[in-house]
Amino acid sequence: MSAILRKGGSVYVQVEPLQTLVKRTFTGFGSSETESSRIGNRLSGANLRGHDSHGVIRVPRYAQWLQEGVQIADVTVNVKMENEVLAVVDGKYGFGQTVGEQTVDIGIDKATKHGIAITALQNSGHLGRIGDWAERAAEAGLVSIHMVNVRGSLIVAPFGGIDRRMSTSPFCAGIPLDDGEEPIILDMETSVVAEGKALVAMKGGKPLPDDAMISGAGEVTGDPRPLYGEMRQGEFPDPSKGPGALRAFGNHKGSGLNFLMEMMAGALTGSGCAGAMDEPKRRFCNGMFSVYLSPAAFGHSDDSFVSEVRSYVAFVKSAKPTEPGGAVLVPGEKERQVMAERTRTGLPLAPEAWSDIIGTAREAGLSQSEIEEILDGAP
Ligand code: NAD
């Protein structure tokens, strides 16, 4: 049976063949099999959880970055400075899927031994869906907090301003429960939407909320085009080119939280803030400031922490829903619902995004028959 189904203006692709296609694409461009698998699994994992903006739509851009040397294949991080509970790590512009995993594993190892740990990751390639890292820490039984910025990506206007001064700077935290129980994962950018969601809207996918953008003329709008500006036929949208900006969520409060991400992930890690006067266009990278906490280090020798969390989750979810038949969800629950559905249906992709992914696979050297073999049919 073909891995592709066309329905309602979308292409539905089954997860495993998609992972294989992305993996073969990146081995074609020079990443090892291990790194290419990580990229395929993490990007399709983001689609599986409903975060299409951080999923396989990124394949053409990652490929472009790899070819231009913006991101480097198969990097091993450099631990620049460390003690028992802190590591300052240089990601050396490696793929975030690789250097993010290495860094988080350093944090997990230190916190497992000493109860608490901090990692400060600088110069990382795109770290994708930050929830991946909180989930990895939760699997090891750790609470974690991740503050992330995007150096070289000025696409968010501060509250009260029109000009771009910030990145989309996600904040993420994970709370583990018992083995076999899903963790709580709050994973959110500090802009109304991620740049990737504007990209999805540009590619014919889900439209943006009406307050997502500010145009160059200062009008609040849901039109993604002010972010990308005029484009040539076939040109991949570049968010650095438009006259407009994304807006920070929550007015002055979201803008303040975004600013804090720049302080922690940009300034404190040493990775550098989104932009500054000395360098008009800084080299693109993610910075990530992460904290890992073992509940046992707080005196929870029995299951008192997990019991308290479990009981509070039940209390919150017992609130009367605003919509008849609706439900109150806790952070991370929505993603699990979407994952259950998409595991059945396959991953919905806008046709233009799908044809870009196939085009990138061809650029990587895959023949039509190889692509058909992976997908068990024509793309
Ligand atoms: P979102 O708005 O879909 O979800 C944000 C949070 O709200 C999630 O924790 C989710 O579980 C929760 N949530 C969603 N619906 C809910 C509901 N009905 N009730 C209660 N809680 C609910 O996510 P987002 O803010 O658009 O973030 C998208 C992704 O982009 C994230 O994975 C983020 O890490 C990623 N991102 C990455 C970068 C980067 O540079 N690597 C930059 C920006 C964003």
Side-chain angles (χ1 to χ4, degrees), residues 39 42-43 45-55 57-58 61-62 65 70-71 91 95-97 99-101 103-104 121 123-136 138 144-156 166-175 182-201 205-206 208-209 211-212 239 246-250 254 257-258 261-262 265-266 269 271 273-274 284-290 313 316-317 319 321-323 326-339:
I39 299 169
R42 295 251 177 243
L43 291 184
N47 286 91
L48 200 54
R49 290 165 178 79
H51 291 295
D52 298 342
S53 59
H54 285 70
I57 198 167
R58 302 259 167 178
R61 195 178 287 167
Y62 277 18
W65 283 343
V70 175
Q71 288 194 178
F95 273 87
Q97 288 75 15
V99 300
E101 193 168 298
T103 303
V104 169
L121 172 62
N123 305 327
S124 170
H126 190 247
L127 286 159
R129 186 183 79 93
I130 307 305
D132 281 342
W133 312 121
E135 281 171 8
R136 197 169 177 88
S144 68
I145 297 170
H146 309 268
M147 298 175 161
V148 174
N149 84 325
V150 198
R151 191 186 76 202
S153 167
L154 285 175
I155 49 172
V156 176
M166 297 165 156
S167 69
T168 50
S169 297
F171 174 82
C172 178
I175 310 289
E182 297 291 351
I184 313 292
I185 304 287
L186 174 67
D187 178 21
M188 47 172 266
E189 69 246 345
T190 50
S191 45
V192 176
V193 294
E195 183 270 312
K197 290 210 167 93
L199 182 62
V200 170
K206 194 176 168 195
L208 298 177
D211 64 347
L246 295 172
R247 297 182 69 235
F249 86 98
L257 191 59
N258 183 308
M261 299 300 120
E262 294 292 348
T269 63
S271 197
C273 295
F284 177 90
C285 74
N286 272 150
M288 179 161 77
F289 176 84
S290 302
V313 166
V316 168
K317 288 184 67 58
T322 49
E323 304 287 332
V328 173
L329 305 181
V330 292
E333 203 174 350
K334 178 83 184 165
E335 283 78 358
R336 285 198 293 279
Q337 289 178 347
V338 176
M339 191 161 157

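Remember, it's 1-based here, ligands and their atoms both numbered in the order they're listed. Residue numbers start at 1 and run along the sequence shown.
Between Leu127 and the options Asp132, Leu121, Thr103, a side chain to side chain contact (heavy atoms under 4.5 Å, CB included) holds for only Leu121.
The Met188 neighbourhood of ligand 1 comprises atoms 5 (C), 25 (O), with distances under 4.0 Å to a heavy atom of that residue. Ligand 1 places these atoms under 4.0 Å from at least one heavy atom of Ile185: 9 (O). Taking every heavy atom of Pro331 and a limit of under 4.0 angstrom, the matching atoms of ligand 1 come to 11 (O). For ligand 1, the atoms sitting less than 4.0 Å from at least one non-hydrogen atom of Ile130 are 34 (O), 41 (N), numbered in the order shown with element in parentheses. Here is the list of ligand 1 atoms found below 4.0 Å of a heavy atom in Gly332: 11 (O). Distances below 4.0 Å separate heavy atoms of Leu186 from the following atoms of ligand 1: 9 (O).
Geometrically, ligand 1 and Gly128 share a nitrogen or oxygen pair separated by less than 3.5 Å. By the 3.5 Å distance cut-off applied to N or O atoms, Pro170 is not counted among the residues near ligand 1. The distance criterion of under 3.5 Å between nitrogen or oxygen atoms is not met by Ser169 with respect to ligand 1. Looking at Val150 next to ligand 1, no N or O pair under 3.5 Å apart turns up. By the 3.5 Å distance cut-off applied to N or O atoms, Arg129 is not counted among the residues near ligand 1. Ligand 1 has no nitrogen or oxygen under 3.5 angstrom from a nitrogen or oxygen of Thr168.
The closest donor-acceptor contact from the side chain of Ser271 to the backbone of Asn123 lies under 3.5 Å. In this structure, Glu189 contributes its side chain and Ala194 its backbone to a donor-acceptor pair below 3.5 Å. Within the 3.5 Å criterion, the main-chain N or O of Gly287 finds no donor-acceptor partner in the side chain of Arg151.
Nearest to atom 25 (O) of ligand 1 among the protein's heavy atoms is Glu189 N, 3.0 Å. Atom 18 (N) of ligand 1 has its closest protein heavy atom at Leu329 CD1, 3.8 Å. Scanning all protein heavy atoms for the shortest distance to atom 39 (C) of ligand 1 gives His126 NE2, 3.6 Å. Nearest to atom 31 (C) of ligand 1 among the protein's heavy atoms is Asp187 OD2, 3.3 Å. Given atom 16 (C) of ligand 1, the protein heavy atom at minimum distance is Lys334 CB, 4.3 Å.
Contact annotation: for His54 versus ligand 1, heavy atoms closer than 4.0 Å belong to the side chain alone. Contacts with ligand 1 closer than 4.0 Å are made by side-chain heavy atoms of His51 only, the backbone lying farther away. Contact annotation for Asn286 and ligand 1: only side-chain heavy atoms (C-beta onward) come within less than 4.0 Å of the ligand. Under 4.0 angstrom from ligand 1, the non-hydrogen atoms of Glu335 all belong to its side chain.
Between Leu208 and Lys197, some side-chain heavy-atom pair lies under the 4.5 Å cut-off.
For atom 2 (O) of ligand 1, no protein heavy-atom neighbour is found at a distance under 4.0 Å. Proximity of atom 12 (C) of ligand 1 to the protein is not indicated, since no non-hydrogen protein atom lies closer than 4.0 angstrom. For atom 22 (C) of ligand 1, the protein comes within 4.0 Å by no heavy atom at all.
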Under the side chain to side chain donor-acceptor pair (under 3.5 Å) rule, what do Gln71 and His126 come out as? Steps first, then yes or no, please. CA-CA 8 Å; Gln71 288 194 178; His126 190 247; 5.7 Å; no
Go through it in stages, so that I can follow the logic: the residues are Val193 and Leu246, the test is side-chain contact (heavy atoms from CB on, under 4.5 Å), and I'd like the CA-CA distance, side-chain angles, deciding distance and then a yes or no. CA-CA 7 Å; Val193 294; Leu246 295 172; 4.0 Å; yes
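For the pair Lys197 and ligand 1, a heavy-atom separation below 4.0 Å is found. Within the 4.0 Å heavy-atom shell around ligand 1 one does not find Cys172. Distances shorter than 4.0 angstrom do not occur between any heavy atom of Val193 and any atom of ligand 1.
The nearest pair of heavy atoms linking Ala274 to Asn149 is N-ND2, 3.8 Å. Contact detail for Leu43 and His54: the closest heavy-atom pair is CD2-O, 3.5 Å.
Note that NZ of Lys334 is 15.0 Å distant from CE of Met339, once rounded to the nearest 0.5 Å.
Residues satisfying the side-chain contact (heavy atoms from CB on, under 4.5 Å) criterion with Pro321, sequence neighbours excluded, are absent altogether.
Remark: the Glu195 side chain and the Ser167 side chain contain no N/O donor-acceptor pair separated by less than 3.5 Å.
For the pair Glu135 and Arg49, the salt-bridge criterion is met [side-chain N within less than 4.0 Å of a carboxylate O].
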